[in-house]
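In what follows, every chain begins at residue 1, and chains take the letters A, B, ... in the order their sequences are listed. Keep in mind it's a predicted model, so treat the numbers as computed, not measured.
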Amino acid sequence: MGRSMDLQKRFLPGRLKAASSITPVGNEDNSSSMPEVDQPANWKEVLDGIRKMRSFEDAPVDSMGCEKAGSSFLQRSLGAIQRLHQNGMLAPDVIENVDEETIKKLIYPVGFYTRKACNMKKIAKICLKKYEGDIPSTLEELLLLPGIGPKMAHLVMNVAWNNVQGICVDTHVHRICNRLRWVSKPVTGKETSSPEETRKSLQLWLPKDEWVAINPLLVGFGQTVCTPLRPRCEMCSINHLCPSAFKETSSPVSRTKKAGRVKGSV
DNA sequence: GTCCCGACAC
DNA sequence: GTGTCTGGAC
């Protein structure tokens with residue numbers, strides 16, 4: 001139906017090109033004016049270094065084990081979307097009528113499938129009722145959808161609407177920006193404690209023309225090199241610019257400190 | 001056994 | 001801020 005076509009077109013490159021004339025609204029135009037706070041030293045060099053590392057990674061497909069590539073969260077997610085697509089389930093009217101168990105089975109590999117299947121049905125219903133089968137086009141309306149938080153709302157604004165309201169900060173962007181000391185709490189200067197805090201701090205100085213690119217860049221980097229548990233600092237080309245390099249390489253025993261654990265026996 | 005992607009209830 | 005939802009990687 002026409003409705004499903006509209007929704008799918010939303011994510012096609014052609015549409016992005018057509019929508020590229022839309023001027024980003026929101027803050028001032030960062031490309032010409034000075035940032036409100038000092039930019040971290042060498043931030044451009046750091047970003048360039050990460051870009052280079054990412055381009056090496058993408059070159060030969062066989063440089064990365066197939067098992068590993070196939071088991072990544074991204075691969076599983078893409079697989080799930082493909083299966084949804086093949087079953088016509090990117091259209092709200094189809095999603096609304098299909099059995100929830102069917103959706104669960106299709107998205108199973110991505111995890112949290114019970115709640116996601118439930119939210120998919122709720123969102124499909126809302127999109128049909130309030131948005132003529134399309135998705136909301138403002139940040140505020142996206143955030144009202146069940147299961148859609150700041151990370152996903154900004155991602156949709158960036159990718160689907162080409163209307164940059166903010167940076168899409170996920171756990172990788174959050175972690176890496178703190179390791180680089182690119183973000184901090186306003187008064188104390190300590191590291192930020194949530195992705196939302198990171199987003200606000202990062203937006204104070206990062207030029208707006210990097211706001212969209214930073215997410216895929218740091219996500220890829222965070223999955224392969226700057227991993228949450230044991231970052232591969234030895235193979236990182238910008239370790240000489242990172243204040244956290246080689247400081248988290250020991251066994252992650254400290255993370256298991258969960259309140260004493262003084263259970264008498266055992 | 002421990003940690004993990006993000007949203008949300010508590 | 002912390003637990004919960006998930007199966008899987010380590």
To the side chain of [X], which of [options] is closest?
| X | options | answer |
| --- | --- | --- |
| Leu229(A) | dC3(B), dA7(B), dC5(B) | dC3(B) |
| Tyr113(A) | dC5(B), dG6(B), dT6(C) | dT6(C) |
| Lys151(A) | dC5(B), dA7(B), dT6(C) | dA7(B) |

[X] has an atom [atom1]; how far is it from atom [atom2] of [N], in whole Å?
| X | N | atom1 | atom2 | answer |
| --- | --- | --- | --- | --- |
| Ile123(A) | dG6(B) | CD1 | C1' | 13 Å |
| Lys104(A) | dC5(C) | NZ | P | 13 Å |
| Lys185(A) | dG1(C) | NZ | C1' | 11 Å |
| Glu197(A) | dG1(C) | CD | P | 9 Å |
| Arg199(A) | dG6(B) | CZ | P | 15 Å |
| Gln223(A) | dA9(C) | CD | P | 14 Å |
| Phe73(A) | dT6(C) | CZ | P | 14 Å |
| Met120(A) | dC5(C) | CE | P | 22 Å |

Looking at every strand, decide which applies to Phe112(A) at a 4.0 Å heavy-atom threshold: base, sugar-phosphate, or nothing. base
My understanding is that only residues two or more places apart in sequence, or in another chain, count here; which of them pass salt bridge (charged side-chain N to carboxylate O under 4.0 Å, His left out) with Lys104(A)? Glu101(A)
Can you check nucleotides 8-10 of chain B for protein contacts, nitrogen or oxygen pairs under 3.5 Å, and list what you find?
from, atom 1, to, atom 2, distance (Å)
dC8(B), OP1, Gly147(A), N, 2.8

Taking OP1 and OP2 of [N], is either one under 4.0 Å from a side-chain nitrogen or oxygen of [X]?
| X | N | value |
| --- | --- | --- |
| Ser194(A) | dG1(C) | no |
| Arg175(A) | dC4(B) | no |
| Thr114(A) | dC5(C) | no |

Who passes ring pair (Phe, Tyr, Trp, His ring centres under 6.0 Å) against Tyr108(A), sequence neighbours left out? Tyr113(A)
Looking at CD of Glu141(A) and SG of Cys127(A), how far apart are the two atoms once the value is rounded to the nearest 0.5 Å? 10.5 Å
Any heavy-atom pair between the side chains of Leu202(A) and Val173(A) that's under 4.5 Å? yes
Could you check whether any side-chain N or O of Asp170(A) sits under 3.5 Å from a backbone N or O of His172(A), counting only pairs where one atom can act as donor and the other as acceptor? yes
Quote, to the nearest angstrom, the P distance that separates dG8(C) from dA7(B). 23 Å
P gap between dT6(C) and dA9(B), integer Å: 15 Å
Where do Leu139(A) and His154(A) come nearest, in terms of heavy atoms and distance? CD2-NE2, 3.6 Å
Between the side chains of Thr192(A) and Asn178(A), does any donor sit under 3.5 Å from an acceptor? yes
